[in-house]
Amino acid sequence: MIDEAYDPHALQERWLPVWDRLDLFQAGRRSGPRTYMLDMFPYPSGDLHMGHAEAFSIGDVVARYWMLRGHDVLHPIGWDAFGLPAENAAIRRGEHPATWTYRNIDTQAASFRRFAVSFDWSRRLNTCDPGYYRWTQWLFLRFLERGLAYRKASAVNWCPQDQTVLANEQVVGGRCERCGAEVTKRDLTQWYFKITEYAERLLDDMAQLVGAWPERVLLMQRNWIGRSTGAYVDFRVGDRTVTVFTTRPDTLYGATFFVVAADAPLADELCAPAQRDAFEAYRDQVSKLSEIERQSAERPKTGVDLGVRAVNPVNGEEIPVFAADYVLAEYGTGAIMSVPAHDQRDLDFARAFGLPVRVVVDTGEPDPARTGVATAGEGILVNSGRYDGLGKDEAISRITADLNERGLGVAAVNYRLRDWLLSRQRYWGCPIPVIHCERDGIVPVPDAALPVLLPDLSGDQLHPKGESPLAAAADWVSVPCPTCGGPARRDTDTMDTFVDSSWYFLRYCSPDFENGPFDPEAVRAWMPVTQYVGGVEHAILHLLYSRFFTKVLYDMGLVDFTEPFSALLNQGSVILNGAAMSKSKGNMVELGAELARYGVDAVRLTMLFAGPPEDDIDWADVSPSGSVRYLARVWRVCGDAGRQGPGTHDPALDRAVARTVDDVTRLTESFRFNVAIARLMELTSAVRKVVDRGVDGPQVRSAAQALAVMLAPYAPYTAEDCWARLGHEPEAGDSVHDAQWPQADPALLIEETVTCVVQVAGKVRDRIEVPVTVTEDRLRELALASENVARALGGRSVRTVVIRPPKLVNVVPG
RNA sequence: GCGAGAGUGGCGGAAUGGCAGACGCAGCGGCCUUAGGAGCCGCCGCCUUCGGGCGUGGGGGUUCGAAUCCCCCCUCUCGCACCA
């Protein structure tokens, strides 16, 4: 107290080197159950920021908690180190992307170390290391062998400003997220992974994740995969058959026209000569639309009559065929039957073009032709020949079965999920390990020749020219064909960085393994990940891709589980004054400045105490200085408790410790960190009071020790110093981070007396101290004897008395 | 538009069928002090005739008892957004 001040920076300098020496967090160091605590690895865009601090604080509490419980914890770190920002920085600075990348990695690693995250540093990996991407390429080749990697021509997002393709996630509201230019489409032949082949399993296996993953993430994945059941139905158009997909075969009799996606080859093929000019004019007009315009849902329906007619297989009716842009070329078959009465989009189109609207399912709602509102609910079939009178579901199965019998239709499932476009016209990524030979076509690079190393390019050589920068490395591109030895060219695209991150959690199990992407033994030992922590921004892409990879590896017999992440926690983000932080808007909190001002522990504690981990933290609403005050209070009380002699004892303190241990254990395990910290604060105050009252037995020291251990996951530096002040010698190997999590003595959790609340008509009127073992009869007696109860009753009779011993009595007046 | 989630003091949040507001921030008062941007202690939802009354976005319901469960409405946040 006298001449003593809590100095967080001095603690950091004192303990960090000690911990480095003790090497406390290596996997294999502890002997308990194996536990894999994984944080989503960072992109090395600069130094760590507030968002990293929050996410990694959460993961660190979980990892450290299980270590203190004696589990053998794997808590690795690495970097998602390929990506476009490195290229842009390299162009700006005239250097190699690797220079910028590795410099940032070093900076972040040093910051993580100072931030006291309990990583096993021996397992560090970077996805841009040849030793890593060699195996990314190896995995690609296995996918290729299984027919799960293929090339096709398609329209991809293109930024005319940056001269590069963009990933879907880089297109925000139809604009390039970096330069703001309107994104257009460009036809390119690209590599894809056949993730659609796994759509059903990606859905089904979510059953394993229910309860352990946030429900909304599962929901987003379900919606993203977008399973629809229905049927394929064949229509005759001239002398050819055109198949449509519909979820409503029961409405076939209501089909009054037919629509083909204007940008699908089918539209071009079906178009009658007389309509050719009109169609081509329309198609050109559609192709000029920006993504922003095309995505606008409120846009009026447009289209053009193709001058041909389709024959409805159920009734032989001839209906007009249109090309329109509201039908998507990439979904289903790119053609639909239009039932305006029961589909809003079709109705909008019908009204715009004056087409008939025929109700075939009577839902009891007003006529869509009049109201302009399509009816999609349950109902009875009408105007549908021999199906009239059937309910919707019955009609769907009967009509589908009948079509099937006639060879004109089949029950089917369709997915909204598209195959994963993995090619990128970028330099700083994993080269696609194939060779294009004029004679042999696409030839995989032999495994023995992996990795296909990136050629050395830097500065201006990386400038976007509309094709991959790799194409400019002429020496690198020309290779002999592995099959025929003739002249051939390397594939000049690199992979989407999501490929790199779809298997890194496996590599962590054996980061130096040379005979494959991972050691099957190590993976069997550690996988699946016990607890994954990361932002909800990866709810679909990264998590879906990783789940896909895991299933493919399972099918290859390389892993024995089908889901990689047993449990998932999404942390919120750190915001300021209600808005996301943004440098350009001057709305920033710098992590470095906060750490310099308050110290690591106070920043961690502030993040964890602010609220539930999945909620956003508004830095304007929280108080790091309050955290410093609390940490100083624990630190002082531990100092005082460490000086106590053998003397008086306070039984109430033992009970308070036991209750806190019990609560904090449960709360930490269920990620209720803010409440756990509140309990630690209460125990701190309790110990303070006991010490100030002059109680000085060994129990005070033991209470403070329990406090220090429970604080260790939350505020590791302060906890270590408290531990030392209580007489331990971390320098000699007795670190709080190697201590045992305290055990609550069950006998102390049972209270002897409790305060019983006495209500009259549900309102609290009295409180009485009773033994926990009190009987119902005794409670009724005590309650009815209460003066407060008598006054509240005001002469009314007692109808009944609800008794929940020992804590509550409710006297119900008659 | 569709889907999901959330609305509790001045603020962040506790309480998931049984004492609303734990814990903290801000504020107020006291002690200590030459001093306090330190520390410690106390107060801190609104109204009150001091008995009590009211109070968890609004309205209704279930229950002895509802922030908690059910229905309707309002507001906000997030996701998807022509997926046939």
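Values below: every heavy atom of this structure, side chains too, minus hydrogens, waters and symmetry copies. Everything quoted here is computed from the prediction, not taken from an experiment. The sequence lines fix the lettering, A, B, ..., with proteins before strands; numbering per chain opens at 1.
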I want to confirm an ordering. Mapping A/Arg799 and A/Thr755 to their closest nucleotides on RNA chain B, which one lands closer to the 5' end?
A/Thr755

Quick one: on RNA chain B, does A/Asp616 or A/Lys807 contact a more 5' nucleotide (nearest heavy atom)?
A/Asp616

Across the strands shown, which category fits [X] at heavy-atom distances under 4.0 angstrom: base, sugar-phosphate, nothing?
X	result
A/Arg765	sugar-phosphate
A/Thr800	nothing
A/Leu219	sugar-phosphate
A/Lys763	sugar-phosphate
A/Val259	nothing
A/Val812	sugar-phosphate

Looking only at N and O atoms, is any donor in the side chain of A/Arg216 or the base of B/G5 less than 3.5 Å from an acceptor on the other one?
no

Let me have the donor-acceptor pairs involving side chains of residues 251-262 of chain A, under 3.5 Å, with sequence neighbours excluded, atom names and distances please.
{"unit_1": "A/Thr251", "atom_1": "OG1", "unit_2": "A/Arg248", "atom_2": "O", "d": "2.8"}
{"unit_1": "A/Thr256", "atom_1": "OG1", "unit_2": "A/Pro356", "atom_2": "O", "d": "2.9"}

Can you tell me how far the CG atom of A/Leu576 sits from the CE atom of A/Met50, to the nearest 0.5 Å?
9.0 Å

Let me confirm one number: the CG-CE distance from A/Asp346 to A/Met337, rounded to the nearest 0.5 Å.
9.0 Å

Roughly, in whole Å, what's the span from [atom1] in [X] to [atom2] in [N]?
X	N	atom1	atom2	value
A/Arg299	B/G1	CZ	P	20 Å
A/Asn570	B/G5	CG	C1'	13 Å
A/Ile225	B/G79	CD1	P	18 Å

Mark up nucleotides 20-41 of chain B, 5' to 3', with B wherever a protein heavy atom is under 4.0 angstrom from a base atom, S wherever such an atom reaches only the sugar-phosphate, and - elsewhere.
--BBSSS------------SS-

For A/Asp621, the salt bridge (Lys or Arg N to Asp or Glu O under 4.0 Å) test, sequence neighbours excluded, returns none

With A/Arg765 via salt bridge (Lys or Arg N to Asp or Glu O under 4.0 Å) - residues at least two apart
none

Kindly indicate whether a cation-pi arrangement holds for A/Lys301 with A/Phe349, taking the cut-offs as under 6.0 Å to the six-membered ring centre and within 45° of the axis.
no

Think A/Ser338 has a side-chain N or O under 4.0 angstrom from the OP1 or OP2 of B/A84?
no

Examine B/A84: is either OP1 or OP2 under 4.0 Å from a nitrogen or oxygen in the side chain of A/Arg416? Give yes or no.
no

Mind telling me whether A/Phe353 and A/Phe322 have parallel, tilted or perpendicular rings, with 30° and 60° as the class edges?
perpendicular

Inter-nucleotide [atom1] distance ([N], [M]), Å rounded:
N	M	atom1	value
B/C11	B/U62	C1'	35 Å
B/G45	B/A67	C1'	15 Å
B/U56	B/G9	C1'	10 Å
B/U8	B/A15	P	15 Å
B/G61	B/G55	P	14 Å

Taking the side chain as every heavy atom from C-beta outward, state whether A/Tyr415 and A/Thr196 have any atom pair closer than 4.5 Å.
no

One should report the stems of RNA chain B, each a stretch of at least three consecutive Watson-Crick or G-U pairs at distances under 3.5 Å, as B:1-7 with B:74-80, B:10-12 with B:23-25, B:27-31 with B:39-43, B:45-47 with B:52-54, B:57-61 with B:69-73

Kindly label the base of B/G51 as syn or anti, based on whether its glycosidic torsion lies within 90° of 0.
syn

Syn or anti for B/G60, with syn set at within 90° of 0?
anti

Using 4.0 Å as the upper bound for N to carboxylate O, is an ion pair formed by A/Glu669 and A/Arg666?
no

Contacts of A/Tyr198 that satisfy side-chain contact (heavy atoms from CB on, under 4.5 Å) - sequence neighbours left out
A/Leu148, A/Arg201, A/Leu202, A/Phe548, A/Lys551, A/Val552, A/Asp555

